[in-house]
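A short write-up of the structure that comes next.
In what follows, every heavy atom counts, from backbone to side chain, and hydrogens, waters and symmetry copies are set aside. Note on naming: letters A, B, ... go to the chains in the order of the sequence lines (proteins, then strands), and numbering restarts at 1 for each one.
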Amino acid sequence: MIEKILIANRGEIAVRIMRTCREMGIRSVAVYSEADRKAMHVRYADEAYCVGPAPSLDSYLNIDNILKAAQEANADAIHPGYGFLSENALFAQKAAEAGLIFIGPSPEAISLMGDKLTARQLMTDSGVPVVPGSKESMADETMLLKTATEIGFPVMIKASAGGGGKGMRLVKQESELIPAYRRARSESLAAFGDDTVYIEKYLESPHHIEFQILADQHGNTIHLFERECSVQRRHQKVIEETPSPFITPELRKKMGQQAIAAAKTVNYTGAGTIEFLMDKYHNFYFLEMNTRLQVEHPITERVTGKDLVKAQINIANGLELEFKQEELVQKGHAIECRIYAEDHKNNFAPSPGLVKNITEPMGLGLRTDGYVYEGYEIPIYYDPLISKLIVWAPSRQEAIARMKRALYEYKITGIKTSIPFLAKIMDSAAFQQGRYDTHFIEDNLEFLLEEDATHQTYEDIALFIAYLDYTDKLNKYTPEKTADTKSQSNWKTFGHRNNLFHL
Amino acid sequence: MIEKILIANRGEIAVRIMRTCREMGIRSVAVYSEADRKAMHVRYADEAYCVGPAPSLDSYLNIDNILKAAQEANADAIHPGYGFLSENALFAQKAAEAGLIFIGPSPEAISLMGDKLTARQLMTDSGVPVVPGSKESMADETMLLKTATEIGFPVMIKASAGGGGKGMRLVKQESELIPAYRRARSESLAAFGDDTVYIEKYLESPHHIEFQILADQHGNTIHLFERECSVQRRHQKVIEETPSPFITPELRKKMGQQAIAAAKTVNYTGAGTIEFLMDKYHNFYFLEMNTRLQVEHPITERVTGKDLVKAQINIANGLELEFKQEELVQKGHAIECRIYAEDHKNNFAPSPGLVKNITEPMGLGLRTDGYVYEGYEIPIYYDPLISKLIVWAPSRQEAIARMKRALYEYKITGIKTSIPFLAKIMDSAAFQQGRYDTHFIEDNLEFLLEEDATHQTYEDIALFIAYLDYTDKLNKYTPEKTADTKSQSNWKTFGHRNNLFHL
Amino acid sequence: MSLELKINNRTARIEILTRNGSHYRVLIDNKEYELDIEKVEHNAYSILHQGKSINMEMIEGKSANHYQVNTYNRYYEIDIIDAATRYRHHFNGQITSLDRFITSPMPGKVVKILVEEGEAVARNQTLIVVSAMKMDSEYKSPFDGVIKTVLVKEGQAVDALQHLIEIENMGKEEGKSKKGKG
Amino acid sequence: MSLELKINNRTARIEILTRNGSHYRVLIDNKEYELDIEKVEHNAYSILHQGKSINMEMIEGKSANHYQVNTYNRYYEIDIIDAATRYRHHFNGQITSLDRFITSPMPGKVVKILVEEGEAVARNQTLIVVSAMKMDSEYKSPFDGVIKTVLVKEGQAVDALQHLIEIENMGKEEGKSKKGKG
């Protein structure tokens, strides 16, 4: 059985994994870059090893250094978290070669799902619907034009090795096709070292709905229902909820079965996520599989009552799944808000810096997964996600009310955060009614950026408090001045006396 | 419908009630004593009114001042929380007379259940078992001796108006009976202005198990299962859990039915708790009914998924219960630890004072209900309960592991807290195996107060950090000294110059 | 004390009428308020006004007389102008024009510098790219001008508001010599 | 600097061998340690020692040279004795005997005073009752003696470690007059 796990990650997810390790009596090993010596995951872990300079490429993405740390710590397993090396087949491979248990699927499964064209083909072969589009790489412009015309505009050009919106282009009409194709290829080459692109039909009013799956080494594969992730900004998820307000119980069942089928095509083991796109007519298509834990896994944990990290570790230990599909229910409703260090009024620019005060929201139905603390300086090198706020309530309406209450209580000062922006989303009619697709933020941006009406009394009081605080501050520094004045006057007196003495 | 609630309480419970108010869109009104201007409930509320000087008798127990505040704020309901006026029939009566909805049962129900002898009689009449003992007040010593002999020693002498262990005496043999009776009467007279006492059989290895009930104004009364509260110190609950590791499903069903029957004897409405004592043979007896919310209500909320404060408000609004008995299930396991400001190594003496730093535990399966913040000075006038830590997990074993993890993360500095003591309880074999009764703390005190073995390396490092911190501090104050020295040397120079000038 | 407080375009005058412990009677632009004010945490104030409980966080900004204020639903920036500040502002206005410097609002790392000293640049031309938290931000020239000094190097970490590049405005006449690339 | 550190009955000597940023090589009572030490929060330190991640909270006690230290599973009290403190301790020892004062370890309110000035009291006799947080604590005389001064009144709020009552020890001879109730 696994007794010591190296967590090849940082931030909230590293701490979250260590929490489960501690509950399971497993020792945790942190790795950190030179910029992260004071980071929470280093403080929380039982052991910690430096793996290189601040840039991720030199530390959190440095496979050799991480494996060396695992060896030094005598760890018997590695948990990759999300991001960084979590979907790197070579890392999984090298970890296994070094005699370490990689807490995730096989290198083969990572590879197959990591290449989007291959994954599309696998799905098609297994009867899982994919977005209509090319079965192969668009190697030349003639082929491209022919395929695009067959599919029908608008189309999306996508990098086969892509992710995070890079190498992706929306093409609304034929005239835009060739220039967009060329840009996508060069962007993909620059970002991933591979210029393979393919095209897909562009869905109108799309929903991003994903299914959590768990598969053990004994052939048991189950799903833990969906997460609705359509509240996005630039392909970055902002809010997730489960159950989805958009799908029906019949669809849920069908999509869940398809998700299990998709995972089985690669003999998947561990925790993974099948992402689907769904159009406004409830047609759904396989988008991609994430072969790792997701940022938004806590909402699934909350409605099912399962600890997904514990399930991952148990699977890696070769244990059978502790629960069966028919035992799982979605109880109540859970919503997650991602708290980013960013300034939404300044084009969502990241806002690293020194965290001065934090007041965590507390009480019934809340969970926070964060990693920043008072006095911590958020480094500029990594993701701006600083915390996740998860609420649960019996109904969606109550969950929204609770989220509003929690966002009201949550105070982080010193840096700008997305808390006010998230509160505006909770106030928007479209979100409250559950009528939203991936264009939600774009479509509602004016409302979401609008300031609440100025309250004359509050403004006046704010002015007075500023006045008080400032004059207090001046008074606090006055004693020093008084002392100066005093010593100066003593000095004069002394001089005066001297004068007298010598006269 | 209720739109504004005055919360006639302070501390964590006032904040907890306000949280639900905020989620329901109800405005909250705080009342505070002069010692509590900076307390969290004042900051959290929408409105706040001072109701008198620091001592509770002059403020939180001052009915007239509280009703005046309700009038001034134009509140339409009062929530009494627990403690203070929550079981005061006169307060409920006067609130109703002032046109306010009292969020609790009728004054009659409070009165009937408040007098323990009356309550015992009511239960006996309704077939709810009570601890064998006297049916009436022990008015003279002859009657006392006769009844005690009938019941058989050991017996408990109890104040009819009593609570919190006052006016209570354990009598192991006949020779102790008369002195104990006299002391109990005079103590009861001093504490409650009433010297009525009665006697009960003393149960061996007793368990304190209580049932949460909810009753609406339409005759629906349901129970929300039990809470095991046997971890006590001086009749003060320290840890509660649900389900009880001691009872069986059959007992649960039977006790739940008896709890509902007990509540119905007084046409109870609102949330209430029926406390039972259970001996080691699983015989159970009605102990008393608490006609209010309990400190430990969150564990019931966690396993049933119901917000009890919301249910109270809905009942007060005249709504029917939203759920039926057969829809309720106890899902998983919940434990609450009460965090007191106390020094367990110094005979559990209270430890008020200034809170310097707080690190709240976070992540999966936790809830904290607290009210202290960094920079807050805990006043000496009120209860030392500063926070409640509630964990949930699928199984009891996992819940204990999670509680240990949470207690490890929870840091409150500046004052002494019960956190280390609670951690020791989690480590004790008797608690882990679920084999404990109300004597648990007494029986295990030696283990619970035992310090963990000294770790030589930690001690050495602690010494070095103290050395570093101290020398840093000295260096920080050095610049001031330098400045002094400098100005002094300027002064000398000036004097010297003057000398030269005049020579 | 002679203080002016600025909030957006408003300049306010404050006068304390009476003070009794934490209770203030105060005139704010001639409107009278009765307030009970307690500082409860490092940055946080609790205010009672006609029974209403109001919380405000006063966060010190770039300088001691700049505040960022958070209330329940709003965010304000307040500047306090005392006599000394007024003088300093007046004085600074004479000798330097702040908009000649390109700065980044947040700390980051210089990814790319696209211009050289002495180079003529057009309005909105991208001069420098700074990366922070996985996002690249491009900074553009605010006017037609000439790059006077490049104050940073590629790969260098920079602080918030640090001067990165100095440009001379070609549309503006100043009484100083216009040096080319040294 | 000449410092002695006391922890329980142990007095320790510390010597820093080398320092390189946050890395220290140090001798603690002749045992050598290599430590990487960072102050991360107001009171909190993060220490790496042979790969182990250790957290310590250093809370300043009653005085600047008294520390309460929390580690994972232990609580320590450490006193730092520098030359000045040593001198002060020595000096204080000459003129006052601290155990003559009855103090409460926590802030509270005096509920009842059971003795008068000049009254003879026996060892373990209850002198005063102080209430804090719904709990009454009785303070008893540490020896047979005479009440010299009652420094507080019933109903008065008192601080932690404030002197409440002064007693003269009858078993001990001192070169001072023994005043009765004045």
Side-chain angles (χ1 to χ4, degrees), chain B residues 35 54-56 83 164 234 340-343 345-354 356-357 359 374 377-385 408 411 413-416 419-420 423-424 427 451-474 477, chain D residues 1 3 5-8 10 12-14 16 24 26-29 31 33 35 37 39 41-45 47 49-50 52 54-60 64-76 78-80 82 104-109 130-135 137 157-158 160:
Chain B
S56 304
R234 295 191 198 153
Y340 290 108
E342 67 179 19
D343 183 2
K345 289 190 188 164
N346 182 15
N347 196 27
F348 299 91
S351 174
L354 185 72
K356 288 189 180 166
N357 275 342
T359 305
E374 291 179 7
E377 176 131 21
I378 300 175
I380 60 166
Y381 301 97
Y382 316 110
D383 197 275
L385 180 72
Y408 166 76
K411 315 257 189 243
T413 66
I415 53 166
K416 299 263 192 341
I419 292 172
K424 283 294 259 185
D427 276 341
E451 296 222 25
D452 290 342
T454 298
H455 193 307
Q456 177 68 36
T457 304
Y458 280 23
E459 186 176 310
D460 282 358
I461 293 173
L463 283 164
F464 183 56
I465 304 291
Y467 174 89
L468 273 190
D469 198 276
Y470 183 73
T471 50
D472 260 21
K473 219 160 35 181
L474 289 187
Y477 293 121
Chain D
M1 196 169 352
L3 291 181
L5 285 94
K6 288 208 164 186
I7 190 164
N8 301 322
R10 172 181 171 201
R13 271 196 319 143
I14 283 172
I16 297 178
Y24 292 84
V26 62
L27 275 184
I28 300 165
D29 277 346
K31 196 168 160 197
Y33 289 91
L35 303 168
I37 298 173
K39 186 168 186 171
E41 279 181 85
H42 181 53
N43 291 321
Y45 285 83
I47 301 113
H49 172 245
Q50 296 179 343
K52 305 281 174 298
I54 301 163
N55 297 284
M56 290 199 182
E57 290 175 314
M58 308 297 298
I59 303 141
E60 209 174 273
N65 49 4
H66 181 82
Y67 284 100
Q68 299 165 344
V69 185
N70 284 317
T71 70
Y72 165 49
N73 67 341
R74 286 280 296 193
Y75 170 82
Y76 302 103
I78 294 177
D79 280 295
I80 294 168
D82 59 17
S104 156
M106 67 224 170
K109 193 175 167 176
V130 177
S131 159
M133 303 182 117
K134 305 207 301 190
M135 184 166 150
S137 302
V158 296

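- Among the candidates Asn357(B), Asp343(B), Ile415(B), Ile461(B), the residue making the largest number of heavy-atom pairs closer than 4.5 Å to chain D is Ile461(B).
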Chi angles and distances behind the side-chain contact (heavy atoms from CB on, under 4.5 Å) call for Asp460(B), Asp29(D): CA-CA 9 Å; Asp460(B) 282 358; Asp29(D) 277 346; 5.8 Å; no
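- Taking the side chain as every heavy atom from C-beta outward, Ile465(B) and Ile37(D) approach each other to under 4.5 Å.
- The number of heavy-atom neighbours closer than 6.0 Å to CZ of Arg13(D), taken from other residues, nucleotides and ligands shown, is 12 or below.
- Closest heavy-atom contact between Ile80(D) and Ala466(B): CD1-O, 3.5 Å.
- Put simply, the side chain of Tyr467(B) does not reach to within 4.5 Å of the side chain of Ile28(D), judged on heavy atoms.
- Looking at Lys52(D), neither its backbone nor its side chain comes within 4.5 Å of chain B, counting heavy atoms on both sides.
- In this structure, chain D has no heavy atom under 4.5 Å from any part of Tyr340(B).
- The shortest heavy-atom contact between Pro350(B) and Ala132(D) is CG-O, 3.3 Å.
- Between the Tyr67(D) side chain and the Ala462(B) main chain, no donor and acceptor come within less than 3.5 Å of each other.
- The greatest number of non-hydrogen atom pairs below 4.5 Å with chain D, out of Ser351(B), Pro352(B), Ala349(B), Pro420(B), is found for Pro352(B).
- Top candidate by heavy-atom pairs under 4.5 Å with chain D, chosen from His455(B), Glu342(B), Glu459(B), Lys345(B), is Glu459(B).
- Taking the side chain as every heavy atom from C-beta outward, His42(D) and Lys356(B) never approach each other to under 4.5 Å.
- In this structure, Gln456(B) places its CD atom where more than 12 heavy-atom neighbours from other residues, nucleotides or ligands lie under 6.0 Å away.
- For chain B, the nearby part of Thr71(D) is the side chain; its heavy atoms alone come within less than 4.5 Å.
- Taken from OG1 in Thr413(B) to CG in Asn70(D), the straight-line distance is 8.0 Å, to the nearest 0.5 Å.
- Note that OH of Tyr470(B) and CD of Glu60(D) are 10.0 Å apart. Values are rounded to the nearest 0.5 Å.
- Taken to the nearest 0.5 Å, the CD1 atom of Ile54(D) stands 4.5 Å off from the OH atom of Tyr458(B).
- Residues Thr457(B) and Lys31(D) are in side-chain contact: their nearest non-hydrogen atoms beyond the backbone lie under 4.5 Å apart.
- Most heavy-atom pairs under 4.5 Å with chain B: of the set His49(D), Lys6(D), Gln68(D), this distinction falls to His49(D).
- Ala12(D) and Leu463(B) make their closest contact through CB-CD1, 3.7 Å (heavy atoms, listed as atom of the first residue, atom of the second, distance).
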Intermediate values then yes/no, side-chain contact (heavy atoms from CB on, under 4.5 Å), Ile47(D) and Phe464(B): CA-CA 11 Å; Ile47(D) 301 113; Phe464(B) 183 56; over 6 Å; no
side-chain contact (heavy atoms from CB on, under 4.5 Å) between Lys39(D) and Leu468(B), worked out: CA-CA 10 Å; Lys39(D) 186 168 186 171; Leu468(B) 273 190; over 6 Å; no
